[in-house]
Amino acid sequence: MTLTGLTASSGRTAPRGRPPGRRRGDPATWFLVLPALIPILILSVGPLLYGIVLAFTDAQSGRTRSTQWVGTLNFQDLLHDTLFWESFRIGLLWAVGVTVPQFVLALGLALLLNARLRMRWLARALAIIPWAMPEVVVGIMWRLIYNPDAGILNETLRDLHLGDGRDWLTGLATALPAVILVGVWAGMPQTTVALLAGLQNTPQELHEAAALDGAGAWRRFRTVTWPAIKPVALAISALNFIWNFNSFALVYVLTAGGPGGRTRLPMLFAYEEAFRYGQFGYAAAMGCVMVAVIAVLLAVHLAGRLKGGEET
Amino acid sequence: MNTRTGKAARTGQYAALLCYLLFLALPFLWLVSTAFKPARELGSLHPSWIPENPTLDNFRQAFEEQPLLGAAGNSLTAALCAALITVVIATPMAYVTARHRGRLSRAATGWVVVSQAFPFVLIIIPLFLVLKKLHLINSLAGLILVYVVWSLPFALWMLTGYVRAVPPELEEAAAVDGAGKARTLVSVTAPLLAPGIVATALFAFITAWNEFFFALVLLKTPEKQTLPVVLTHFLGAEGVADLGPLAAAAFLATLPSLVVFALIQRRITGGLAAGAVKD
């Protein structure tokens with residue numbers, strides 16, 4: 001193992017000095033890798049490249065005429081498609097609106113679960129529920145809760161004399177916040193578990209030392225806890241942001257993008273464009289724009305992370 | 001020394017924890033409550049948490065309204081096949097990426113990360129066209145193919161962690177004793193990896209069991225569709241829904257993944273913790 005490790009690492013600096021065929025052509029290695037590599041290339045990398053190519057064509061479903069290369073026409077159209085940019089804006093609002101509260105709530109829960117409290121096991125057991133549930137079921141469940149007549153939300157509000165209740169998912173102003181709340185609920189466990197893992201790697205002695213020095217809870221959190229969990233926190237929030245921006249099933253079930261497009265996330269828009277109206281090329285161009293924006297955001301995020309790394 | 005403030009802090013912590021417990025549990029309890037309510041109570045303008053006359057009618061009606069059994073069968077087939085194929089092809093590759101830290105393992109890790117960022121729509125359009133050419137639209141086989149590739153990144157990630165946990169010295173010792181490479185893998189490494197492989201397979205199973213987008217796009221006819229897709233048929237046109245059967249069917253669809261997840265939750269959180277450390 002050390003031998004192959006050495007040759008692999010020296011391979012970059014001094015490729016000529018490598019014993020011929022020791023690593024690269026090892027047939028056993030390829031035999032082990034190919035069963036996974038071939039499907040990855042054919043069904044994941046291939047379609048991704050094909051998808052990018054499709055964005056430059058006028059591909060449509062169920063058409064007899066052959067597909068034509070149209071250059072950047074789809075992208076020019078997208079530029080002027082106000083509905084798409086509206087859905088893009090909603091997608092960003094939704095992604096931020098879910099990721100931020102999710103992170104704050106999950107951090108709170110992780111801190112509580114890390115403290116020696118009595119009902120921890122129950123919280124851990126319950127946290128499984130949102131995680132294990134199919135997104136479709138989560139959507140259905142919250143539609144039952146938001147139901148204007150038979151739902152528990154309005155009934156509770158009536159009991160507390162907080163108004164007559166309303167139809168949350170079809171109200172123009174309430175639909176997006178209502179959907180965001182569901183997103184927060186559904187994704188909280190993963191974030192909590194990741195943060196909890198980070199917390200459990202925090203050296204306990206540091207905490208005790210800080211407490212002895214008379215540091216309050218907030219100072220201990222800022223000086224001991226946060227630096228320790230910062231890498232996990234940044235990684236999980238970046239992933240959450242991407243996942244949320246690309247999400248589909250939850251909102252599809254809750255509102256199908258309504259009312260009046262108020263919750264139409266980019267994925268819902270692209271899905272309709274591709275599989276309802278058959279505009280494959282155009283929808284592929286949307287996918288490309290989404291990938292590009294995510295890549296830029298990630299690059300900015302990573303740059304910030306590297307900078308943050310220098311500080312500590 | 002500060003017992004009073006300490007006590008107040010404790011109370012605050014328990015109050016906060018209680019809020020979290022309610023936030024996590026109440027939505028699910030409402031689903032269960034709705035599933036067992038007779039039609040009369042569902043129509044009531046003052047719904048209550050606990051059904052006064054609990055009934056199984058909703059479950060019976062759910063099975064009558066939609067082909068739930070067939071859909072569950074489809075989901076089971078797709079999820080089982082996808083999980084099996086995924087671990088069978090991912091385990092050898094995970095072994096290589098864990099043991100040889102060369103260009104390949106770096107590429108594999110990079111791909112695992114990058115694949116998390118794809119909007120699926122960019123993948124599904126070309127896949128749809130390809131699967132159509134192969135006559136694999138509206139077939140479980142096509143869906144299984146997609147699921148395998150879709151769960152591969154995470155499976156690779158989990159399995160690589162499990163392989164790293166097996167000390168290479170054990171394999172070297174077997175080699176010294178004269179066991180060949182294949183023999184070592186089968187009789188030394190595989191048994192130690194088995195729990196990790198099972199956990200990964202179960203995770204792939206749940207992912208496929210819960211998946212909706214690919215199934216929605218690829219499966220056209222009701223008798224081919226999986227459970228999540230069939231569940232949306234209960235919602236009906238214009239969002240008018242028969243609440244009782246809808247809740248009953250949704251509750252049933254959740255049970256398998258809840259049970260499986262309860263079994264492997266510790267392993268997944270453990271794997272996440274390990275991944276977080278390496279980050």
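Per chain, numbering begins at 1; letters A, B, ... match sequence-line order.
Interface remark: of the candidates Y50(A), W185(A), F280(A), W185(A) forms the most heavy-atom pairs closer than 4.5 Å to chain B. Taking I40(A), L54(A), D149(A) one by one and counting their heavy-atom pairs under 4.5 Å with chain B, the maximum is reached by I40(A). Among L43(A), L239(A), I38(A), the residue making the largest number of heavy-atom pairs under 4.5 Å with chain B is L43(A). Comparing I129(A), I42(A), V45(A) by how many heavy-atom pairs each has under 4.5 Å with chain B, the most go to I129(A). Annotation: maximal heavy-atom pairing with chain B below 4.5 Å, among L169(A), N154(A), I128(A), I152(A), occurs at I152(A). The most heavy-atom pairs under 4.5 Å with chain A, out of L156(B), L122(B), V217(B), come from L122(B). Interface remark: of the candidates L231(B), T232(B), L216(B), L42(B), L216(B) forms the most heavy-atom pairs closer than 4.5 Å to chain A. Interface summary for chain B: among G258(A), A256(A), P189(A), G108(A), the most heavy-atom pairs under 4.5 angstrom belong to G108(A).
Taking all atoms of both residues into account, the shortest heavy-atom contact from S44(A) to P47(A) is N-CD, 3.4 Å. The shortest heavy-atom contact between A215(B) and V229(B) is CB-CG2, 3.6 Å.
Of the two parts of A274(A), only the side chain, counted from C-beta on, holds a non-hydrogen atom closer than 4.5 Å to a non-hydrogen atom of chain B. Residue L152(B) touches chain A through its side chain alone, counting heavy-atom pairs closer than 4.5 Å. Contact annotation for W150(B): neither backbone nor side-chain heavy atoms come within less than 4.5 Å of a heavy atom of chain A. Proximity to chain B (any heavy atom under 4.5 Å) is shown, for L111(A), by neither the backbone nor the side chain. The contact between I242(A) and chain B is made entirely by side chain atoms (from C-beta outward), counting heavy-atom distances below 4.5 Å. For P130(A), the part lying near chain B is the side chain, with the backbone staying farther off; criterion is any non-hydrogen pair under 4.5 Å. Only the side chain of F128(B) has a heavy atom closer than 4.5 Å to any heavy atom of chain A. With a 4.5 angstrom heavy-atom cutoff, L145(B) touches chain A via backbone and side-chain atoms both. At a 4.5 Å heavy-atom cutoff, the contact between Y95(B) and chain A is made by side-chain atoms alone. Within the 4.5 angstrom heavy-atom criterion, atoms from both the backbone and the side chain of L105(A) approach chain B. Looking at T34(B), only its side chain comes within 4.5 Å of chain A, counting heavy atoms on both sides. If you measure heavy-atom distances from L48(A) to chain B, the contacts under 4.5 Å come from both the backbone and the side chain. Interface residue F23(B): backbone and side-chain heavy atoms are both found under 4.5 Å from chain A. Contacts between V53(A) and chain B at a heavy-atom distance below 4.5 Å are absent for every atom of the residue. Residue M133(A) touches chain B through both its backbone and its side chain, counting heavy-atom pairs closer than 4.5 Å. Contact annotation for A115(A): only side-chain heavy atoms (C-beta onward) come within less than 4.5 Å of a heavy atom of chain B. At a 4.5 Å heavy-atom cutoff, the contact between L112(A) and chain B is made by side-chain atoms alone. Only the side chain of V149(B) comes within contact range of chain A, with heavy atoms under 4.5 Å apart. Using a 4.5 Å cut-off between heavy atoms, M286(A) does not touch chain B at all.
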For residues 87-94 of chain B, dump all side-chain donor-acceptor pairs below 3.5 Å to protein atoms at least two apart in sequence or in another chain.
{"unit_1": "T91(B)", "atom_1": "OG1", "unit_2": "V87(B)", "atom_2": "O", "d": "2.5"}

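Ring pair F203(B)/F261(B) is tilted by interplanar angle, where 30° to 60° counts as tilted.
With 3.5 Å as the limit, one finds no donor-acceptor pair spanning the side chains of D159(A) and T156(A). If you check the side chains of E171(B) and T189(B), you find a donor sitting under 3.5 Å from an acceptor.
Tested against S257(B), the residues L202(B), N210(B), T207(B) include a single side chain to side chain contact (heavy atoms under 4.5 Å, CB included) partner, N210(B). Under the ring-ring contact (aromatic ring centres under 6.0 Å, His included) test applied with F213(B), the options Y252(A), F275(A), F248(A) reduce to a single match, F248(A).
Residues passing the salt bridge (charged side-chain N to carboxylate O under 4.0 Å, His left out) test with R158(A) are E155(A), sequence neighbours excluded.
In terms of modelled atom types and a separation under 3.5 Å, the side chain of S33(B) and the main chain of L29(B) share no donor-acceptor contact. Put simply, the side chain of K220(B) never gets that close to the backbone of Q225(B): no donor and acceptor are under 3.5 Å apart. Listed for the R276(A) side chain is no donor-acceptor partner under 3.5 Å among the backbone atoms of Y271(A). A donor-acceptor pair is defined here as one N or O able to donate and one able to accept, closer than 3.5 Å; no such pair exists between the side chain of D242(B) and the backbone of P245(B). Remark: side-chain polar atoms of S75(B) are not paired, donor with acceptor, to backbone N or O of W209(B) under 3.5 angstrom. Although no hydrogens or angles enter the test, the distance criterion places no donor-acceptor pair under 3.5 Å between the side chain of Q13(B) and the main chain of A16(B).
The number of heavy atoms from other shown groups lying within 6.0 Å of CD1 (I50(B)) does not exceed 12.
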